[in-house]
Amino acid sequence: MMVLILAVVLIPLLGATINGLFCWFTKRKAHIIAVPAIAIPAIVSLILLARVLQGERFDQVLYWWIPLGDFRVPIGFLLDELSAIMITTVTFVATWIHVYSIGYMDHETPRGYAKYFCYLNLFVFFMLTLCLANNFLLMFVGWEGVGLCSYLLIGYWYEKASAANAGMKAFVVNRIGDFGFMIGLFLIYKHLGTLLFSQAFASAEQLSVGVATLITLLLFTGATGKSAQIPLYVWLPDAMEGPTPVSSLIHAATMVTAGVYMVARTHALFNMAPLSMEVVASIGAATALMAATMALVNNDLKRILAYSTVSQLGYMFVGVGVGVYAAGIFHLFTHAFFKGLMFLTAGSVMHALHGELNLQKMGGLIKKMPITGWTFVVGALAIAGIPPLAGFWSKDEILAGAFMGGHRIIWAVGTFTAFLTAFYMFRLIFLTFFGEPREKHLYDHAHESPPVMTIPLIVLAVGSAVVGLLALAPHGGIVGFLNRTLGEAHEAAGHEGGLTYILMVISVAMGVAGVVLAYFMYMKRMPDPVAMARNFRPVYTLLYNKYYVDEIYFAFIVNPVVGGSRYALWKFVDVIIIDGAVNGVGRLCRLVGGGLRYIQTGFIPDYAWMILVGAVVIYWIGRLF
Amino acid sequence: MGVGLFQYTVLSVLVFLLGALGLMIRRNAIIMFLCMELMLNGVNILFMALARSKGSVEGQVIVLFVMAVAAAEAAIGMAIITSFYRSRGGIGVDRADLMKW
Amino acid sequence: MTGGIDISIRPLLPVVVLTVTAVVVLFVDVFSPRERESHYGYLGVAGIALAAWFALGLWGKGSLTFTQTFITDKLSVLTTLIYLLIAALTFLFSPGYLHHEGRNLGEYYALVLFAVVGLIFMTSAQHLILFFVGLEVLSIALYALAGFVRQRDLCNEAALKYLFLGGFSSSILLLGLAFIYSVTDTLYLRGVASYVVAHGASSTLILGMSLVMVGFFFKISAAPFHAWAPDVYGGAPAPVAGFMATAAKVAVFAVLLRFLDSAVFPLRSHWMAMVTVVSVLSMVIGNFAALRQENIKRMLAYSSIAHAGYALVGVAAASRQGGAAVVFYMLAYSLMNLGAFGVVALVGRQGEGYVNISDYAGLAAKRPVLAAAMAICLFSLAGIPGTAGFMGKFYVFASGVKANQIPLVVIAVINSAVAAYYYLRVVYMMYMEEPKEEYQIVFHPAAVFALLVIVVGIFQLGIIPGGLLSASYSSFAWFTF
Amino acid sequence: MMINAWDVVFFFLAGLILLSALGVVFIRHPVYSALSLLANLCVTAILYLSLMGAPFIAMVQIIVYAGAIMVFFLFVIMLMNLSKGEYQERAVPWRLLLGLGAAALFAFQIFILAGEWRGVLSPGAGGFGVKALSHFIFTRYILAFELVSVLIFVAALGAVALAKKKL
């Protein structure tokens, strides 16, 4: 098993090394190295998953990294239900994104092409390290490593100043989160005397509630940075400057979920700190709502998806925050499929429209690019929570967990966000793929992407459609499987009872309502009755009869929400407060730095004066203590 | 009350501080260097007084070492000042202003 | 009269070899024609290798000789090896650089070798006067080296500033020694400690200790005694700046640990407060001032101030683990800083006209190897995992946590988050900007080899640090803390 | 209280030392400043000789400091042949005040410890001979003594490298 795990981790590193060192040789053939370097681990992960399903576990130290006295940190791997699901997801999605990249990146320079695959493989290596680590320090190595790769990949098109700046912003914001993680890690070491997961969690109960709260909140600070939660989410929308497959892999499917994974992994600590759990759930819910409202008004294809990612990550944090860790991870799992898919379709659209991202210039594309369009619809239905697609199962699991756990407000927010999610996703679909083309020349040049790009779309679409059904597998499905590691959540969150079904119906209704509303708003005004009425006849007729209700609904709810989100949330909260705060800290730092320069007069007598006064100060400090 | 360690220490610290003051207020590199020698001389006075008060010659030995150090510093210092003078045409340390901030 | 002397040549062998090498280099310089000048560096490296071999032979064979003034323990051997490594790398970087400046003289190599002699005496000294003379040997060699390219105005300025401030700070240190002597009657490190144990602390002793520590803090360029560092590193020739920023710092940290442990450990409540304050000031001032620097040498200088602050966290821990962490950190820091200054020396070209961060625009496209080496050094300085810089920082901070210095560690971690910004700005310039003009960088094979050694070292320390960690840990075996 | 004659000598010499030190710091012309330092060193030597019974150190002080180093300084000053404008510094009052302030702070922190310095110095001759000195130098300080040779060599080497006309 050790060999298999090492293979999973090291083969991507090998791929990255080959493409990194020999980029002048591999050039346009880089994918011949890079794709197998990730496909083989994907297959191996499946084998590992199968073995874990049979009850095997692996937790072993390879060698002692820091082997001193009582301060010992190993390099070692932990394979259990949680990490098995994670590596399978990561490698599977990554494989298809690598394949897709072959088509997407074919306009790059040969060396850039090799460099791109090198970074991509390196990223997967760090992500797998993060997931498989059996101690906090190794996890932190992966944690920082994915941040570094993200920086490199966001700034990949560095000719664009915005891309380079976005990369910088991502890295610096991430570092702010990381410092929380690092201090949390130090506190764990201080109070538990170990950084090994197994030992730390086994002795977690010794922690006092206060210390546990502090530690978990610090860890969560790290998670907010990596997983783009309030207040550190600002980098993620900007990160869309990177190549689209990168957005798909890193900023939707894998890296950003690291925070959720980390919280789930450290659930033993979080269980000790109810307050932290509340904070996690509340921040998750607030982020979910806020990001969804911001997605309502955006016209940039990728940014909508980015906000949607932030919002969905919020859901996952709600899940882990209310204690249904397995549900959170389950949503992470399904989200990787449908959000990865949607980003790839967005990339396909961009590819066809020469980089155009403005929704208002699109329309009717489904006729030109049917595979892209329909796979996107599958993804959107999945995220909107329409059964039996993937998103329905996991989102329902989270919302049910929140409701059963007594978090009624969070449940309500989550449910309302589900409505918004469905609405903005279908707004996007209607504006992009349906209706009349608004920019004729763009439309005329549009074309379906080559098979190397569409096949991954189809695979992921099928995945988005069916992976949710794993919830129905025997022995409690995927949730039951994960619970073997994560522990049974609230007893009340069982799947029996009428209440579950009522909740389920409510959330489905919300999703459907969102879709329908989007339809009326964006199709009704520019009807394309032949195509639309055929595709959506039942919904169409149903809502048509309640037209005035919808009108009122629109006037009283959607307009305020849209307007509010535009002016209050997006303009004020996002741009001024949060962006302002994050940028302001940077500006303040530079200002302080500027001020400090002035003590550096370059004049020797001044320096001598500083030394003498410093000597006095140092002496008094020493004397007074 | 005879003259004791106290008076010597005060004297030595005052000489030391006058040297330090010279470094802090003068701009002529050579005079600043003279002030550095003055500081070392101040320390020497203290070591000599300590040798006397402790009845151990060790302080005097240390003074010899300090003198050697002062001589070495003087050699290198004059070389640097000469070199500086050649490149800037003067020895005011306010001419050393290429590097700041 | 002879009973008191225990002369033993073995512990001095590395020093003797270095001195002889220096003299040989000077002789060769006298008798060699100008064209063969670039061979001094290799001659020096050969001498260093021999000295390292002798030093290795001393590992584990502790001794205390010359009337107990000269100690050979694991700490001194380990640090000696570090100095020799630094000097060898400096020698590999220097010939190309000096050749361009028309100053490839035997004196340069001899001065570096003598500086190493001073460093070794400093770390091995058990008597503060021996330490002081060693410090002066180092300082005087460095004054001369800082101004070595004497036709350049910046070098002269750097030498002048370093001379005055260095002299000022060593006078203060000497005054501190006088006060310590006045109280304790001895300048043996152990003697001071036994006096304190027997008689307790007095204010004069604390005064003496703080003045001595001012001297130390000055040499490691810790704030508020840092002001010389940016100007001197900025003006000195790049290989010399690299040498000054690393070797002297390693030595003074080792001496600081030795002094704080052997001599004034009973006063630790006093010096821990001093070290903590200086550490915080250094981190904050170093990092924040570095944010605004346009000149890469000054940026590295400010960053070295910040790094002194990080390493002081380990000193403030006042524990065996902290001491080991500091030594480890210093080696990591030396490697990455030497690499960075080495690249600066190569990119700066003749006269160092290209030392602004904007001059690095597009370096990656034109000189990928050089840019990659620089990027690795900068990532290591920023503390990215997998590199030596991360491991060093982690170990230092962990020792701080263990010693209950949580607020200090929090400040340190925040600072290292801020620091990423200015290191990455250079990486950004190299990789993400268009080249402004053609890079005319003359590759010197020795410099490339040195960069290779540094890069390998950075990764080795970052990924498998075990060996060195245990070595530095065991070098503190006899330490009381 | 009787005034000891030795005390009068001490205060007289101390006054001269401080006066000449003030001269070093405040005289504008470098040559006079250097001469003032020369005076300072000579008076210090007299102090060593008369009150501390250290004739050897006094001689070394005169020969090394006053004889060699000071002549060296004067030589360099003459060599540079500074114009009047070069050594005429404008007095900067705030810099002077800041400097005095720092020095005063430093003096304050030291002088409040005066109670701890209770040693008494018996004035007059009858100190240590050169033999006692050399005993220390060749036992406890032997290594430092050897190192001083390296120090002087390094200083000479550095000075030559920096200042020699053609190299």
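These values consider heavy atoms only, across backbone and side chains, with no hydrogens, waters or symmetry-generated copies. Protein chains get the first letters and strands the later ones, always in sequence-line order, with residue 1 at the start of each.
- Interface remark: C:Met272 contributes no atoms to any contact with chain A (heavy atom separation under 4.5 Å).
- Not a single donor-acceptor pair under 3.5 Å links the side chain of C:Lys161 to the backbone N or O of A:Phe603.
- Between A:Gly614 and C:Pro224, the shortest heavy-atom distance links the atoms CA-CG, 4.0 Å.
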- [ ] Apply side-chain contact (heavy atoms from CB on, under 4.5 Å) to the pair C:His270 and A:Leu624, showing each step before the final yes or no.
- [x] CA-CA 8 Å; C:His270 302 283; A:Leu624 295 178; over 6 Å; no
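- Of the listed residues (C:Phe397, C:Tyr422, C:Phe164), the greatest number of heavy-atom pairs within a distance under 4.5 Å of chain A belongs to C:Phe397.
- Annotation: A:Tyr189 is not in aromatic contact with C:Phe394 [ring centroid separation under 6.0 Å not met].
- There is no contact between A:Leu218 and chain C, counting heavy-atom distances below 4.5 Å.
- For C:Val277, the part lying under 4.5 angstrom from a heavy atom of chain A is the side chain only.
- When each of C:Leu281, C:Val214, C:Asn287, C:Val401 is scored by its heavy-atom pairs under 4.5 Å with chain A, the top score falls to C:Val401.
- Of the atoms belonging to C:Val275, not a single heavy atom falls under 4.5 Å from chain A.
- For the set C:Gly386, C:Ala227, C:Ala324, C:Ser210, the entry with the most heavy-atom pairs within less than 4.5 Å of chain A is C:Ala227.
- Among residue pairs with one or both ends in residues 203-214 of chain C, none qualify as salt bridge (charged side-chain N to carboxylate O under 4.0 Å, His left out); sequence neighbours excluded.
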TODO: Determine, stepwise, if the pair A:Phe186 / C:Ile406 fulfils side-chain contact (heavy atoms from CB on, under 4.5 Å).
DONE: CA-CA 9 Å; A:Phe186 282 134; C:Ile406 307 278; over 6 Å; no
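- Residue contact with chain A, scored on non-hydrogen atoms closer than 4.5 Å, involves the side chain of C:Phe218 exclusively.
- With a 4.5 Å cut-off on non-hydrogen atoms, C:Leu267 does not touch chain A at all.
- For A:Met610, the parts lying near chain C are the backbone and the side chain together; criterion is any non-hydrogen pair under 4.5 Å.
- Using a 4.5 Å cut-off between heavy atoms, A:Ile611 contacts chain C through both its backbone and its side chain.
- Using a 4.5 Å cut-off between heavy atoms, C:Ile172 touches chain A through its side chain atoms alone.
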Using a 3.5 Å cut-off and no angle test, enumerate the donor-acceptor pairs between side-chain atoms of residues 130-142 of chain A and protein atoms at least two apart in sequence or in another chain.
unit_1: A:Asn134; atom_1: ND2; unit_2: A:Asp59; atom_2: OD1; d: 3.0
unit_1: A:Asn135; atom_1: OD1; unit_2: A:Leu137; atom_2: N; d: 3.0
unit_1: A:Asn135; atom_1: OD1; unit_2: A:Leu138; atom_2: N; d: 2.8
unit_1: A:Asn135; atom_1: ND2; unit_2: A:Pro74; atom_2: O; d: 2.8

